[in-house]
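What follows is a set of notes on a single structure, which appears directly below.
All values reported here derive from a predicted model rather than from experimental measurement. Whatever order the structure lists them in is the order used to number ligands and atoms, beginning at 1.
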Amino acid sequence: MSFEQLGLDSRLLKAVQGSGFQQPTDIQRRAIPLALAGKDLMASAQTGTGKTAAFVLPTLQRLLQPAAKRDVGPRALVVTPTRELALQISDAVAQFGRFCRLTTGHLVGGMPYPPQYRMLDKPLDLLVATPGRLLDHMRQGRVNFSRLQVLILDEADRMLDMGFIRPIKTIAAAVPAARQTLLFSATLEGQVLKIAKALMKNPERVQLAANRDRHAMIAQRIYQADDVGHKRQLLSHHLGQDELTQALVFTATKRGARRMAKVLDAQGHATAALHGDMSQSARKRTVERMRRGKIRVLVATDVAARGLDIRSISHVINFDLPMVAEDYIHRIGRTGRAQAMGTAISLVAPDDRSKLSEIERLTGRSLERGIVVGLEPNAHTSRNVPRSNRKPRPGTKPGPRSRAHNAKKATSGFKSRIGNPRKKGSPRRRLSASRRDANIIA
Ligand code: ADP
Ligand code: MG
């Protein structure tokens, strides 16, 4: 099926052609006709499958009809969890709407208020907003929703994860009841489903991703590490691999992200940090530099990386596992975008075991264990002995290898040489000496 067959206006088709899309993705094929027919819609599909265009295109088409009344305020509202996502959606709106004379804007935190006031004081066709800043303006009585025809909740599951349930309810209650509501999410279960049903009238449901079979395009592996120093060595190893074109490395804290970015950069990996303490413009600049390939490694916290769409990211590396298992799915969805293959690597220290089992339960599979020759975990780590029962680390001597360990190693099917493959004569065995000065990374 082609975009022409979806019933889109010729101005939109021209823009779609210009953006190089050959044919609609599954979610676009299913969602666009329903949205064009004016239905309420709840839709789920895995990340990277083109949900943005699935709601932007039919919404723009609806906005091509003249407004019922002249007044200020938006006719369509997209609510999305983060500033980065809001800006990405704005870009998509600008791209697909470039042959339509529509007024669009975005409302996100970290930006000055006066231009936002001015925007809200004018008629606006489409507004993209993050919940926090939008509520801010609503509380000040500055948003006129009387013309609102379409409400779109994008990445609804993320918004709920981030605690935006009240804001969403408040926003939905403030807009006209006679509206069209479109909800897009990576999953449609539990709370998402509940809120979707509460906000919609006889919604159509398009569900393309079962929770469990997502991410077929992403090879997922874990590497067991004895401690944080060992994690740093494993990270260095993976960053040195040629098949890694660009990596997104996740750390648990902003401080961790900052420090790691500094050290990696000093080591010659073009690296930058992305975290919530940065100003909006600094975050945007950083994402742009990553997109243009000026940065090879981006060290980020969860909040900052939510929804990032950078197609060239070949690897997602979880240096720290996420606190919440669902974030794992969102993190790895940053690679394998738009049909490219991606690799997701998680470094798992003994302390991370319970987080790992949560992740494996959620994804419904046991993640493949990888081994880097020369950087194997010691027997205690790989045998999964709880921390309190472990003997003290053998220090500079590699511990005796258990049979279980050797068996695992033999069957893991994943071996690679340590460090930069171009370096001849890298030691094959565990580098206890270099492990001691393991301050390779912070
Ligand atoms: P999602 O919201 O489902 O995670 P996005 O809307 O961000 O996914 O789209 C992911 C990537 O796929 C974007 O780079 C987008 O430009 C691209 N894309 C979307 N639809 C198509 C299409 N029909 N053909 C080719 N690429 C597409
Ligand atoms: Mg999306």
Option passing side-chain contact (heavy atoms from CB on, under 4.5 Å) with Lys231 (candidates Asp352, Val348, Asn318, Ile317): Asp352
Heavy-atom proximity to atom 25 (C) of ligand 1, picking from Phe184, Phe55, Phe3, Phe21, points to Phe21
4.0 Å heavy-atom contact, Gln88 with ligand 1: no
Nearest atoms (heavy-atom pairs only) where Met1 meets Pro24: O-CD, 3.3 Å
Run the salt bridge (charged side-chain N to carboxylate O under 4.0 Å, His left out) test on Arg291 and Glu288 for me, step by step, so that the C-alpha distance in whole Å, both residues' side-chain angles and the decisive distance to 0.1 Å come before the verdict. CA-CA 5 Å; Arg291 241 185 221 128; Glu288 252 336 289; 3.3 Å; yes
Closer than 4.0 Å to some heavy atom of [X] - which atoms of ligand 1 meet that?
{"X": "Gln23", "value": "22 (C), 23 (N), 24 (N)"}
{"X": "Thr25", "value": "20 (N), 21 (C), 22 (C), 23 (N)"}
{"X": "Thr52", "value": "2 (O), 5 (P), 6 (O), 7 (O)"}
{"X": "Thr49", "value": "1 (P), 3 (O), 8 (O)"}

When only distance counts, is [X] in polar contact with ligand 1, meaning an N/O pair under 3.5 Å?
{"X": "Pro24", "answer": "no"}
{"X": "Gly48", "answer": "yes"}
{"X": "Gln22", "answer": "no"}
{"X": "Lys51", "answer": "yes"}

Could you check whether Glu358 pairs with Arg361 (Lys NZ or Arg NE/NH1/NH2 to Asp/Glu carboxylate O, under 4.0 Å)? yes
N-O pairing of Asp327 and Arg158 below 4.0 Å: yes
Just checking His237 against Tyr223, ring centres under 6.0 Å apart? no
Parallel, tilted or perpendicular: which one describes the rings of His137 and Tyr117, with boundaries at 30° and 60°? perpendicular
